[in-house]
Amino acid sequence: MKYILAAGLTGAAIVAAVAGVAPAVGAAVQGGATPARPAAYAKCAACHSVVRGGPNGVGPNLFGVVGRRAASAPKYNYSPALAKAKPTWNRQTLDRYIADPNAVASGGKMPKIPTTPAERAAIINYLSALK
């Protein structure tokens, strides 16, 4: 059993920390709560920031991505393929894009990263909470 000094953590964050899941650091959502970053998001974090108003990385900042049009993050140089396809990011389009980016925007910049349906669901749930 792990014991953690949890000053300032919410009950959910304490449960996550005790379970060995690090709470997310960075992007605060409405109401001040920060959703727990799922382990599966590590596959995305190398390229994508999720900090409100934060910079783009190799990929665009994903804070608030759910519900916005693709190729619309400020100051990011999108591929012509994604700029042309320009879907609106919702659970279905994100699931298809994460599973196989070329299925949504053939010839885009994002590589295909192997993910399971459960990993994609966790990533999409996390991104949906960042508003």
Problem set entry | Distance-only side-chain donor-acceptor flag, Asn61 / Arg52, under 3.5 Å | no

Problem set entry | Main-chain N/O of Ala121 paired to Asn125 side chain as donor or acceptor, under 3.5 Å | yes

Exercise. Do you know the tightest heavy-atom contact between Ser49 and Pro55?
Worked result: CB-O, 3.3 Å

Exercise. Without hydrogens or angle criteria, can the side chains of Asn90 and Thr93 be said to hold a donor-acceptor pair below 3.5 Å?
Worked result: yes

For this session: Could you tell me whether the side chain of Asn102 and the main chain of Gly107 form a donor-acceptor pair under 3.5 Å?
Result: yes

Seminar exercise, completed: When every non-hydrogen atom of Pro87 is compared with those of Val104, the smallest separation belongs to CG-CG1, 3.8 Å

Exercise. Is the shortest heavy-atom distance from the side chain of Tyr41 to the side chain of Val50 under 4.5 Å?
Worked result: yes

For this session: Tell me, please, which residues at least two apart from Ala122 pass side-chain contact (heavy atoms from CB on, under 4.5 Å).
Result: Pro38

Seminar exercise, completed: Closest heavy-atom pair, Ile98 versus Met110, reported as atoms and distance to 0.1 Å, is CA-CE, 4.2 Å

For this session: Verify, without hydrogens or angle tests, whether Tyr76 (side chain) and Val58 (backbone) share a donor-acceptor contact under 3.5 angstrom.
Result: yes

Problem set entry | Partner residues of Lys43 under the salt bridge (charged side-chain N to carboxylate O under 4.0 Å, His left out) criterion, sequence neighbours left out | Glu119

For this session: List for me each residue that meets salt bridge (charged side-chain N to carboxylate O under 4.0 Å, His left out) alongside Asp100, sequence neighbours excluded, and say none if there are none.
Result: none

For this session: Check whether any side-chain heavy atom of Leu130 lies under 4.5 Å from a side-chain heavy atom of Leu62, and answer yes or no.
Result: no

For this session: Could you pull out the closest heavy-atom pair between Arg37 and Ala42, with the gap in Å?
Result: NH2-CA, 3.7 Å

Would you be so kind as to tabulate the donor-acceptor pairs closer than 3.5 Å made by side chains of residues 77-84, with sequence neighbours excluded?
residue	atom	partner	partner atom	Å
Tyr78	OH	Ala73	N	3.0
Ser79	OG	Leu82	N	3.1

Exercise. Salt bridge (Lys or Arg N to Asp or Glu O under 4.0 Å): which pairs involve residues 56-83, sequence neighbours left out?
Worked result: none

For this session: Determine which pairs satisfy ring pair (Phe, Tyr, Trp, His ring centres under 6.0 Å) with at least one residue from residues 102-124, sequence neighbours left out, and list them in order.
Result: none

Problem set entry | Non-hydrogen atoms of Ile123 and Ala40 that approach each other most closely | CD1-O, 3.7 Å

